[in-house]
Amino acid sequence: MDIRESNRTDHDALIQGANLISHEFVRILEVPRGHETAPETRHYRDLMDAMGVALYTTDANGVITYYNDAAVKIWGRHPEIGKDLWCGSWKIYHLDGVTIMPHGECPMAVCLKENRPVRGAEAIAERPDGTRVYFQPFPTPLRDASGRLVGAVNVLVDITDRKLADQALRESESRLSVAMAAGQMGSWEWRISDNNVTWSDALESIHGLEAGTFGGTFEDFLSDVHPHDRAMVQDTIAGSLESGTHEIEYRIIRPDGQVRWVLGRGQLLRDPAGEPVRMVGVCMDITERKQAELAALRLGAIVESSDDAIVGKDLDGIVTSWNPGAERIFGYTAEEMVGQSIRRIIPPDRQTEEDRVLARLRSGERVDHFETIRRKKDGTEFPISLTVSPVKDRAGRIIGASKIARDITDRVGAEHALRESEERLRLAQSIARVGTFEWNIETGVNVWTPDLEAIYGLAPGEFAGTQRAWQDLIHPDDRASVLAHVEEAVRTGLLAEHEWRVVWPDGSVHWVAGRYQCVGDPDGKPLILSGVNIDITERKLAEEALRTSEESLREERDNLETINRISTVLSAELDLDRLIQSLTDEATRLVGAEFGAFFYNVVDNKGESYMLYAIAGVPREAFDKFPMPRNTALLAPTFAGEGIVRLDDVRQDPRYGKNAPYYGMPQGHLPVVSYLAVPVTSRSGKVLGGLFFGHRRAGVFTERHEKILEGVAGQTAIAIENARLFDQLQKSMDIKDQFLGLVSHELRTPITTILGNALLLQRRGSRLTEQSKQQAIGDVADEAGRLERIIENLLLLTRIDAGEQVDSEPIRLQPLVTQAIDSFQRRNAGRTITVSSDNDVPIALGRAEFVTLVLDNLITNADKYSPGEAPIEILVRHEGDSEIEVCVRDHGIGLDDDDLKEVFTPFYRSPKAKSQAKGIGLGLAVCKRVIEAQGGSIRAIARPEGGCDFIFKLHAYSTVGQDGD
Amino acid sequence: MATDVADDSAPRVLVVDDDQALLRMVRLSMASDGLEVATARDGVEALERLGSSDYDVIVLDLQMPRMDGRAFFREMVSRGHSPKVVILSAYGADQAQRELKVAAAVPKPFDPDHLIETVRRVAARS
């Protein structure tokens, strides 16, 4: 039990009592002595005088009115009643024992001045004789019935014993901790109830912890214990919960990995009921002692197990120890030899040797590998190699010698055998390309066999013989790891085995496998590192080849899978924009690019090519501020379809940054360093666009990426072509929709006129003027004719579209022109149409009804797009005797360049034409088909001065049957 | 453009269509039924007519060169004219009626008496 704890309990009870007393007896004390009205009061008062608790009272001004004997005991004096103020003590000090507490500031004074009880204060009272008392006051105000302050009562409790005990404990603790620290000893306390463990700073230091960093539980302690010892420690401590004490030696591992030996002792503390409450104990770092023990044990084991004779003797040559090796070599047992002179095994003629050895030992010298002859118990003499070292006591005095003796009887034969075996080894090594080395760590000299030199590509004797020279031959990439291995081998003395590359003087790289070990002196100081190297280049190459082929197979498979996946995406997408976007996204992910873009060639309706793009890896807005990419020097090879461009660092490329106005990276442009560009080329060889990838790091894209993208680009080209075809189909369907609208309009309008006029004539014919009737009938006829022409054109277009062959025959063009004009003017009287014709126009090859249809279409067309008064001219010309040309010239709205290309496309109507007149875009398309079906050609020309020429040519009929007109 | 003689209470009608034959037929039909008819070949010409005369009903084709039916209608409304409108079209007449919120639509081809009846009915609405 803690002494402080038991004190505390007593103390608390005392305070409670004191409080009780002060309140209970206030009433009694208010009555002055001798004026007690009841015998009980006087009795209580006497009791109080006699009781052990110090007690005194004051009036409201602090003047002492009463005190008892116990108070006198504390104060060491009798204060003057009615005169002394606040407290009866001689002097009061604060707890530091130095600072004086004026009486006017003592707890009693505070109680009166502030009219409140004061609790918890502690102070020191000094008696007139200089002795001191620690006390705790409990001043309480006294009030009359109306609550007015009339005085105070104070109970003083002597706490000197407790204070001194506390102080002593503190001092002893600090003395203990000093002692412990000096003795590498730490202390601990384990509160079992809540598994709280506290450690002294010294214990933390033993465990290699910063002060205050120990975790605070039993498990935290256990985790520091060496895994091999953990179970034992746990069991022992658990056992001590029963037995009450423990003493264990165990290892701990410090955070830095250092292993320390610790001796721990523990003592169990129980509560009064006998239940374990706490365990306290100390720990001591015993590493050094343990190491010494272990060393001794190890040494003993070595001596015991040694094949050599190890013998101890004093300076008089008396044997002090005799190991089994010595028993075996000399035939004497330890019992026979210990205590006897060593001279027993020295042949008589060599006894002087021992004198010399002893003399050298006395002067502290060591005798190394001294070869001589000794005698066995059976009398046989044999060659021996001796090493004799002086043995010193702690003070460094030589007290004897240890002698190691080796029987070298077999050595001559062995030496011979060794030479032979070495020769065989050398031969074997040479055949197997094994080289050996021996590096003297102290001198730095590294001795190589010629085979080892060969392994490093050196001629015999060429190796410079230093460790540094060897390092220089190692492949730079492997050097650090090889040296780390060597360092490890030197440090641990363990066998090292690893592989590395060496660079031969001719620059070729070879693989070497090494096995080596470091030998040190008995103190553990490394001396020699020796071992072998084997050339394993061929094995490595074979391995490499295997791996490469496996890798390339795997790569190939991965590539195929990737391309497959992408082509699935591509073939599923017919919308060109979405297609390009998903392709760009996929491919960007695939090659691990930060930025990806697809620029594709688009031809606008002015016939100019420009580029659109899809972006991946950055929001498209990042590009909003940039103009359309131009055909820069860097992009040009890709758009020229010259193949893949892969750059590890685009900034190093001479083509980079050649273009005005940026010269390099435009402000805010994507920070591209690695660059990969792949042209996307159609089967016909047309470059549809290019895939471009970038990464801000250098050297990101590999040959594998190229290969994949080559496949992807092929798939992309097909997908783009599909998407474009689909797009065209969509457009032609749109055109058909427009066509339906136009056709219904064009067909229904004449039908309306015909139907309306017919009904009008039928119902109100009698009421109409003759002129109106004739007009109506004429309109019916004309509109019927118009309908017929439309239907003819449509049918003809379909027929010729379906590949109908036209049987051409000789026809004369001028009459057909005249007929067409007549026919037109019957319908449109207002239009002036002139004809001019070359002389001797040859007979053409064609069909009259087709030529009539073409002329009718061209004249109707010219009329539609010409102002009312503008004439239409028809020119019939011939070029030599082979071709006849008919030109229908108007002075109308003319055609734009865009229109010239499209004007013969079925259902095409130029924006100008749409605003000018109705039509379905059929006439000119029919003309082209019909003329081409007759072997001729047709073209449109926009004349600079306005209006256009539509010119068709037909072949002339052969000169046979030519008919002058 | 000539105007046929008609009784004073007859609705005044402007027929706008780019097809001359159709215009002649409609005018003859209406005039013979006592309507006061004027014609225009496109929106531009129709706007000119509106500038000089008032019409109760406008019979309007949609597909016309220079200024089509829709453009004419909007221009007319923006100029503050509010005659009744009957759409006359070979394609999408009903749709245009709903779109422009006009009085009636007559798809081509049509019976001229049906058109006349429609025009009279539309004109009779206050």
Side-chain angles (χ1 to χ4, degrees), chain A residues 737-769 771-787 827-830 864-865 867-868 893 909 911-920, chain B residues 2 4-6 15-35 37 39 41-45 59 61-72 87-96 105-119:
Chain A
D737 282 348
Q738 285 176 22
F739 164 73
L740 278 178
L742 284 166
V743 166
S744 47
H745 190 265
E746 289 298 296
L747 294 177
R748 279 168 179 161
T749 301
I751 289 168
T752 305
T753 304
I754 293 165
L755 177 67
N757 279 322
L759 292 171
L760 184 62
L761 288 168
Q762 186 187 38
R763 290 170 189 161
R764 289 176 225 152
S766 56
R767 282 156 50 191
L768 299 176
T769 62
Q771 192 193 353
S772 293
K773 279 197 269 189
Q774 287 307 316
Q775 177 72 61
I777 290 164
D779 283 346
V780 168
D782 284 351
E783 291 306 290
R786 182 168 145 198
L787 268 180
R827 286 176 281 133
N828 305 63
K864 240 201 276 194
Y865 302 107
I893 56 173
R909 299 196 70 224
K912 255 189 205 171
K914 279 180 190 164
S915 73
Q916 186 73 20
K918 315 202 247 198
I920 52 175
Chain B
D4 289 64
V5 179
V15 183
V16 189
D17 198 301
D18 63 332
D19 192 282
Q20 293 297 311
L22 186 133
L23 273 185
R24 280 197 291 272
M25 185 274 287
V26 170
R27 187 162 73 176
L28 194 56
S29 300
M30 288 182 169
S32 66
D33 203 57
L35 297 177
V37 191
T39 59
R41 285 191 300 184
D42 57 38
V44 178
E45 220 175 276
V59 174
D61 185 20
L62 291 176
Q63 287 191 31
M64 291 182 294
R66 290 217 286 180
M67 181 185 284
D68 70 12
R70 285 180 172 79
F72 161 74
I87 298 287
L88 196 64
S89 178
Y91 197 70
D94 291 343
Q95 193 196 330
V106 173
K108 291 177 186 175
F110 53 87
D111 180 336
D113 284 352
H114 170 62
L115 176 64
I116 291 163
E117 189 191 310
T118 305
V119 166

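To find a chain, count down the sequence lines: A is the first, B the second, and so on, and within it residues start at 1. Side-chain atoms are counted along with the backbone in the values below, which use heavy atoms only and exclude waters and symmetry mates.
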request  = Would you check if the side chain of B/Arg27 reaches a backbone N or O of B/Val37 as a donor-acceptor pair within less than 3.5 Å?
outcome  =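 Absent.
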request  = Kindly compute the distance separating CD (B/Gln20) from CE (B/Met25), expressed to the nearest 0.5 Å.
outcome  =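 B/Gln20 atom CD to B/Met25 atom CE measures 13.0 Å (nearest 0.5 Å).
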query = Between atom CZ of A/Arg764 and atom OG of B/Ser29, what is the distance when rounded to the nearest 0.5 Å?
reply =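 Here the rounded value is 6.0 Å.
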query = Looking at A/Pro750, A/Ala758, A/Ser772, which one has more heavy-atom pairs under 4.5 Å with chain B than the rest?
reply =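 With the most close heavy-atom pairs to chain B, the winner is A/Ser772.
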request  = With a 4.5 angstrom heavy-atom cut-off, could you sort out which part of A/Ile754 is near chain B: side chain, backbone, both or neither?
outcome  =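 When you check distances to chain B, no heavy atom of A/Ile754 falls under 4.5 Å.
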Passing candidate, side chain to side chain contact (heavy atoms under 4.5 Å, CB included) with B/Leu115, options B/Val15, B/Val26, B/Asp33 =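 With B/Leu115 as partner, B/Val15, B/Val26, B/Asp33 yield a single side chain to side chain contact (heavy atoms under 4.5 Å, CB included), made by B/Val26.
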Trace of the side chain to side chain contact (heavy atoms under 4.5 Å, CB included) decision for B/Asp19 with A/Glu783 = CA-CA 10 Å; B/Asp19 192 282; A/Glu783 291 306 290; 4.2 Å; yes
task = Considering only heavy atoms and a distance below 4.5 Å, find which of B/Gly92, B/Pro107, B/Pro112, B/Ala21 pairs most often with chain A.
result =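 Answer, by heavy-atom pair count under 4.5 Å with chain A: B/Ala21.
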inquiry  = If I measure from the heavy atoms of chain A, does B/Ile116 come under 4.5 Å with its side chain, its backbone, both, or neither?
reply    =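 Only the side chain of B/Ile116 comes within 4.5 Å of chain A.
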key: Side chain, backbone, both or neither of B/Asp113 within contact of chain A (heavy atoms, under 4.5 Å)   =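 Both backbone and side chain of B/Asp113 come within 4.5 Å of chain A.
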